[in-house]
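Structure first, commentary second.
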Amino acid sequence: MQGLNNKQLEACCHIDGPLLILAGAGSGKTRVITHRIAYLMNEMDVNPYNILAITFTNKAANEMRERVDNLIGFGSESVWVSTFHSMCVRILRKHIDKIGMSKDFTIYDDTEQKVVVREIIKDEKLDPKLYSEKNILSIISKAKEDYVSPDDYERDNATSYRSQAIARVYREYQRRLQRNNALDFDDLIYKTIFLFETNPDVLREYQERFKYIMVDEYQDTNHTQFILVKQLAAKYRNLCVVGDDDQSIYKFRGANIYNILNFEKQYPDAKVVKLEQNYRSTSNILNAANSVIANNEGRKDKTLWTENEEGEKITFTKYGTGFEEASGIASKIRSLRSQGVSLNDISVLYRTNNQSRLLEEKLIMENIPYILYGGTDFYKRMEVKDIVCYLKVLANPCDDMAVKRIINVPKRGIGDTTINKISTFANENNLDFYDVLLDIEECPGVSRAVDKIKGFVDMVEEIRNMQNDPDCLPSNIFDAVIEKTGYVELLNLENTDEARARIENINELKNKVVTYEESAEYPNLVELLEEIALVADNDNIEDDDTDKVTLMTLHRAKGLEFPYVFICGMEDGLFPSKMSIDSDDPDALEEERRLCYVGITRAMEKLFISAAEQRMINGSTNYCQVSRFVKEIPKQYVEMQGDFTRLGDNGDSSRFAFKNKANNMLFGVGDNAAARYSSKPKTGGSFNPGFGKAFPMDFGDSKTYCVGDKVRHMKFGNGIVTEVKPAGSDAEITVDFERVGEKKMFASLVKMKKL
DNA sequence: ATAGCGACGCTTTTT
DNA sequence: GCGTCGCTAT
């Protein structure tokens with residue numbers, strides 16, 4: 001427990017009963033959580049089997065497990081470290097039959113949800129203009145997040161004709177998912193709560209198991225997650241939640257800030273520990289962040305402080321246009337680079353994804369390498385989804401959505417009319433879509449396509465039969481899909497850059513499959529698909545060590561830090577967004593302000609913020625005011641650049657000290673000439689080890705290795721120890737891995753198992 | 001069955 | 001300004 005400050009120590013050592021840790025930005029939150037787990041195990045003799053740590057992202061879960069491993073060596077494998085969603089999947093895979101579903105369910109992402117809703121809108125003959133799938137899905141999702149069933153929803157909205165129609169869609173949506181043996185993300189939590197409600201014995205089993213529960217990023221939990229945690233902790237009440245109400249920025253996704261604000265009401269005996277010392281930022285940056293967030297009403301009282309030095313002032317630059325802003329940022333980055341700053345230490349943050357376009361164009365022109373987070377997720381790319389749907393059909397033929405997606409991909413002459421006929425026939429006879437395909441002669445009106453469908457079914461069945469061979473791996477299936485469908489072959493014929501990028505993505509998918517196989521105990525399609533469904537692209541951030549500037553939205557930056565941070569587009573209407581300014585809910589603006597706070601506190605050494613007077617938004621030029629958030633930063637922390645005599649600035653500008661004019665910006669010329677380019681598909685990244693692959697418990701002599709020992713490493717696979725060199729109380733060992741060659745590592749830190 | 005064209009709509013997105 | 005989606009003409 002060394003190197004912790006008093007507050008951190010206090011948080012680690014409070015073991016019994018509810019505990020709320022309010023952890024400000026950069027206050028060493030993860031350290032506290034990992035040390036607390038270590039304390040439970042090492043000092044309090046808690047069996048790691050009885051500890052549950054919940055996070056929101058796989059990345060956070062992996063990091064946490066790694067850090068606990070490093071802290072205590074072996075034994076941490078039996079701590080449940082997982083995301084809400086993968087925890088629920090794991091519970092449901094074991095018990096979902098008790099609530100009338102089958103254990104091999106598949107998970108639908110939002111693309112698949114949309115297709116289901118679209119079909120229902122059509123079948124129910126609703127006007128798609130009045131009932132957009134997007135709108136309906138968000139209503140359904142919101143209902144589920146609040147644990148409102150279709151019946152509840154119908155009853156609660158009895159007076160609205162529209163709501164009654166939506167209730168019908170909701171009910172039908174659930175019915176179809178059930179028939180497809182599928183759950184969406186909201187269902188994963190919803191059904192787990194329902195399982196616990198209806199099966200007290202199952203709940204008791206998990207309550208007994210999870211005697212100590214920790215929840216990270218508690219400010220981001222929604223209502224169902226709140227209920228779930230409450231259920232699990234009800235018996236032992238050893239619940240520790242960690243979060244920062246000032247960093248609650250996901251209300252639009254259902255996060256309920258009152259879960260953290262009212263924790264003490266929910267648990268009156270809760271101990272509260274505030275972590276207010278910041279170890280990340282200079283005091284100028286931190287003070288600026290404090291001043292901004294102080295304008296919010298609905299927050300827990302706390303003020304971050306730091307022992308770090310004052311540092312440079314924040315630079316605020318006002319540019320004439322978005323083009324100039326992008327040029328200005330690019331040239332600032334160039335000058336940083338010439339001073340020896342690594343591009344990896346620089347990040348450019350913005351409110352909306354489309355702001356990246358201008359930045360990208362300028363960075364390309366200036367020859368500054370960058371990596372952009374955002375855009376289409378790897379697993380949502382067309383070609384990746386196509387292949388994944390083949391795998392889904394092979395794993396779960398009831399998955400109508402998947403079957404319909406691939407039945408004519410690549411094109412094999414089975415058109416919409418045929419698909420609709422089969423669909424109707426299936427619905428009328430209460431059959432799965434694929435059942436009808438198997439017996440296609442029975443289906444009226446598909447005379448012409450019968451042979452084509454037979455060809456398709458034969459192909460699928462041929463691949464499916466491969467699974468009878470116990471040695472058949474998911475990658476063999478994968479190869480068979482590629483070969484029998486001719487998918488890559490057809491792309492090859494296209495001979496375009498786009499087709500080549502798609503092939504690259506498919507190869508990348510194959511890499512993921514192989515990586516999965518190497519880490520899995522019993523590789524199988526269902527588990528592979530589950531990992532794919534639960535893994536976010538976000539997990540790959542920071543994996544690449546080549547020198548690149550990072551571009552992303554402020555939302556995505558949460559949890560990250562960079563020595564140099566640019567926040568651009570600081571204009572009222574953009575940030576804070578117009579929606580939040582116009583909203584009659586005052587919390588909308590407060591949430592934007594929290595987002596601003598998150599952005600500022602990402603910076604360690606130096607923060608640049610900027611605004612443009614004119615910006616093109618949705619094809620038309622807007623004249624902008626400097627963001628109110630900029631004006632909330634006291635001038636002593638800021639150095640001003642730019643022309644403040646032009647339009648868009650009045651009133652509060654007197655707070656600023658005027659400095660040099662930005663007159664070195666190129667205007668206009670060539671700005672639109674920069675060619676559009678398609679960003680290289682993201683690659684690399686470690687596959688989430690998730691559940692089921694934890695090493696067996698092994699408390700023994702795992703820290704001592706001898707030359708010749710056969711070992712297995714979590715990431716690197718099998719290898720042989722070739723050298724052991726004492727280094728202080730530790731030992732540096734060299735291992736020759738079959739797959740990746742020789743690696744040196746410290747014995748006490750390495751995540752390895754002796755074979 | 002599919003290419004092509006016009007209408008629309010448009011913050012943020014841990015799973 | 002740009003991408004997605006659905007309808008229409010071939």
Side-chain angles (χ1 to χ4, degrees), chain A residues 54-61 82-89 107-111 113-114 118 122 128-129 132-135 138 141 145 183-189 216-217 219-222 224-225 247-255 322 349-355 357-358 373-377 379-380 382 408 411-419 448-449 452 530-539 541 552-560 569 573-583 588 591-592 594-596 598-599 615-621 672 676 688 690:
Chain A
I54 307 176
T55 62
F56 271 82
T57 64
N58 294 304
K59 184 175 176 244
S82 99
T83 64
F84 270 107
H85 296 270
S86 45
M87 174 178 82
C88 290
V89 169
I107 300 165
Y108 276 3
D109 69 14
D110 45 352
T111 337
Q113 290 178 279
K114 264 192 206 151
R118 194 179 308 152
K122 216 164 149 195
K129 288 208 173 70
S132 75
E133 61 199 41
K134 200 179 156 218
N135 179 236
S138 88
S141 175
E145 278 160 0
L183 299 180
D184 65 22
F185 283 119
D186 297 318
D187 283 336
L188 294 176
I189 318 274
D216 193 13
E217 305 284 13
Q219 76 282 351
D220 292 336
T221 48
N222 66 31
T224 46
Q225 288 158 344
Q247 295 187 66
S248 166
I249 54 173
Y250 283 108
K251 184 179 182 183
F252 68 96
R253 284 186 61 109
L349 309 179
Y350 37 81
R351 178 64 239 266
T352 64
N353 280 308
N354 58 18
Q355 288 172 261
R357 206 191 94 240
L358 282 180
Y373 292 99
T376 317
D377 291 349
Y379 288 108
K380 288 187 182 144
M382 181 178 69
N408 199 30
K411 303 251 180 328
R412 45 176 80 90
I414 305 171
D416 286 347
T417 28
T418 310
I419 293 173
R448 202 133 54 91
K452 287 161 182 165
E530 175 179 316
E531 286 204 356
I532 288 175
L534 294 177
V535 169
D537 260 3
N538 220 18
D539 296 1
I541 290 183
M552 63 181 131
T553 61
L554 288 149
H555 281 89
R556 281 201 164 213
K558 202 182 88 170
L560 304 178
L574 219 205
F575 187 32
S577 69
K578 191 164 162 27
M579 286 253 206
S580 67
I581 294 173
D582 296 343
S583 168
E591 175 137 330
E592 295 279 308
R594 292 193 285 270
L595 186 59
C596 183
V598 167
R615 182 179 300 274
M616 182 101 85
I617 289 176
N618 296 345
S620 59
T621 303
N672 292 313
R676 286 299 294 148
N688 166 33

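Not measured: the values here are computed from a predicted model. Lettering follows sequence order; numbering is per chain, from 1.
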C/dT4 glycosidic torsion: syn (within 90° of 0) vs anti: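 Base orientation relative to the sugar is anti.
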Looking at [X], does any N or O in its side chain come under 4.0 Å of the phosphate oxygens OP1/OP2 on [N]?
X: A/S620; N: C/dG1; answer: no
X: A/N408; N: B/dT2; answer: yes
X: A/T352; N: B/dC10; answer: no
X: A/R556; N: B/dT14; answer: yes

Comparing nearest nucleotides in DNA chain B, the 5'-proximal residue of the pair A/D220, A/S580 is A/S580
Pick base, sugar-phosphate or nothing for [X], based on heavy-atom distances below 4.0 Å to the nucleic acid.
X: A/E591; answer: nothing
X: A/L554; answer: nothing
X: A/R118; answer: sugar-phosphate
X: A/K578; answer: nothing
X: A/F84; answer: nothing

Suppose we screen for salt bridge (charged side-chain N to carboxylate O under 4.0 Å, His left out). Which residues come up paired with A/R253, at least two apart in sequence or across chains?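 Applying salt bridge (charged side-chain N to carboxylate O under 4.0 Å, His left out) to A/R253 gives none.
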Between [options], which nucleotide has the shortest distance from any of its atoms to the side chain of [X]?
X: A/R357; options: C/dC2, B/dA1, B/dT14; answer: C/dC2
X: A/E133; options: B/dT12, C/dG6, C/dG1; answer: C/dG6
X: A/N353; options: B/dT12, B/dT11, B/dT14; answer: B/dT12
X: A/T418; options: B/dA1, C/dG1, B/dT11; answer: B/dA1
X: A/T57; options: B/dT11, B/dT13, B/dT14; answer: B/dT14

Carboxylate-amine/guanidinium contact A/E591 A/K251, below 4.0 Å: no
Tell me whether A/D110 is salt-bridged to A/K114, with the criterion being a basic N under 4.0 Å from an acidic carboxylate O.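 Between A/K114 and A/D110 there is no salt bridge, as every charged N stays at least 4.0 Å from the carboxylate O atoms.
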Is it the case that the ring center of A/H85 lies less than 6.0 angstrom away from the ring center of A/F56? no
Are A/Y350 and A/H555, when compared by the centres of their aromatic rings, separated by less than 6.0 Å? no
Using both pair distances under 3.5 Å as the test, note the stems of at least 3 consecutive Watson-Crick or G-U pairs that include DNA chain B.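 Stems (3+ consecutive pairs) listed as B:1-10 with C:1-10.
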A/F252 ring over B/dT12 six-membered base ring, under 5.5 Å and 30°: yes
For B/dT12 versus C/dC5, give the span between their C1' atoms, rounded off to a whole number of Å. 23 Å
Say we look at B/dT13 and C/dT4: how far apart would their P atoms be, to the nearest angstrom?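 So the two P atoms sit 16 Å from each other.
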Under 3.5 Å, is there a donor-acceptor pair linking the side chains of A/T83 and A/S86?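 Yes - a donor-acceptor pair under 3.5 Å links their side chains.
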